[in-house]
Amino acid sequence: MTIGAVGAFCTSVFAADTAASTGSEPDAQQVQIKGQHSGKLPEQEFAAMRGAYRLSDGRLLFVGGARQRPTAELGATTAVALQAAGPNRLVSADGSMVLRFKARANGDIDEVIVSLPAAGIQVSSSRF
């Protein structure tokens with residue numbers, strides 16, 4: 001939760017508390033806070049994701065970096081910084097690359113699906 005979100009939360013709690021103690025209705029302006037994914041990747045999940053994958057179009061995808069700052073290299077492109085976006089899912093900050101990992105019950109990764117929304121590309125891969 002960011003400092004701004006904490007401030008907004010405290011403001012909304014204070015407004016609700018003030019309205020309850022004065023008997024008046026709260027202002028028409030309301031603050032809604034939704035949960036966010038922490039962006040932290042569990043160690044075991046990241047360990048399973050790391051490695052090389054051969055894409056169905058022949059390119060090689062390499063997932064590496066550190067757990068706190070995962071990266072992906074697709075073909076001859078430079079490394080793209082990624083962040084966790086849910087279980088077995090990594091995305092670039094600008095949304096230009098999305099990696100969805102298909103895991104077995106034991107956590108091993110069978111396949112990764114790479115989406116490049118701006119280019120309209122989606123390819124799958126197998127572990128290399």
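Counting begins at 1 with the first residue of the sequence. Computed over heavy atoms, backbone and side chain alike; hydrogens, waters and symmetry mates excluded.
- Each of Val91 and Ile109 belongs to its own hydrophobic cluster when Ile, Leu, Val, Met, Phe, Trp and Tyr are linked at side-chain heavy-atom distances under 4.5 angstrom.
- Counting heavy atoms from C-beta on, the side chains of Arg100 and Ser115 come closer than 4.5 Å.
- Shortest non-hydrogen contact noted between Gln68 and Pro70 is C-CD, 3.6 Å.
- Side-chain atoms of Arg67 never come within 3.5 Å of backbone atoms of Glu45 as a donor-acceptor pair (strictly under, hydrogens ignored).
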Stepwise, does the side chain to side chain contact (heavy atoms under 4.5 Å, CB included) test hold for Val98 with Ile113?
CA-CA 8 Å; Val98 179; Ile113 298 171; over 6 Å; no
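- Residues Tyr53 and Leu60 approach most closely at O-CD1, 3.3 Å, considering heavy atoms.
- Considering all non-hydrogen atoms of both residues, Phe46 and Gly64 come closest at CZ-O, 3.4 Å.
- The shortest side-chain heavy-atom distance between Asn88 and Leu99 does not fall under the 4.5 Å cut-off.
- Within the structure, every pair that satisfies the salt bridge (charged side-chain N to carboxylate O under 4.0 Å, His left out) test and touches residues 109-126, not counting sequence neighbours, is listed here: Lys102-Glu111, Arg104-Asp110.
- Contact detail for Gly107 and Ala103: the closest heavy-atom pair is O-CB, 4.0 Å.
- Contact of the Leu61 side chain with the Val114 side chain is registered, since non-hydrogen atoms from C-beta on lie closer than 4.5 Å.
- Among pairs with a residue in residues 55-65, those fulfilling salt bridge (charged side-chain N to carboxylate O under 4.0 Å, His left out) read Asp57-Arg59, at least two apart in sequence or across chains.
- Under a hydrophobic-cluster definition in which Ile, Leu, Val, Met, Phe, Trp and Tyr are linked whenever side-chain heavy atoms come within less than 4.5 Å, directly or via other members, Ile121 and Leu74 are assigned to the same cluster.
- In this structure, the side chains of Val123 and Leu116 stay at 4.5 Å or more apart for every pair of heavy atoms.
- In this structure, the separation between CZ on Arg89 and CE on Met49 is 11.0 Å, given to the nearest 0.5 Å.
- To the nearest 0.5 angstrom, Arg69 atom CZ is 12.0 Å from Leu82 atom CG.
- With sequence neighbours left out, Ser92 forms a side chain to side chain donor-acceptor pair (under 3.5 Å) with Asp94, Ser96.
- Using a 4.5 Å heavy-atom threshold, the side chains of Val63 and Glu73 count as separate.
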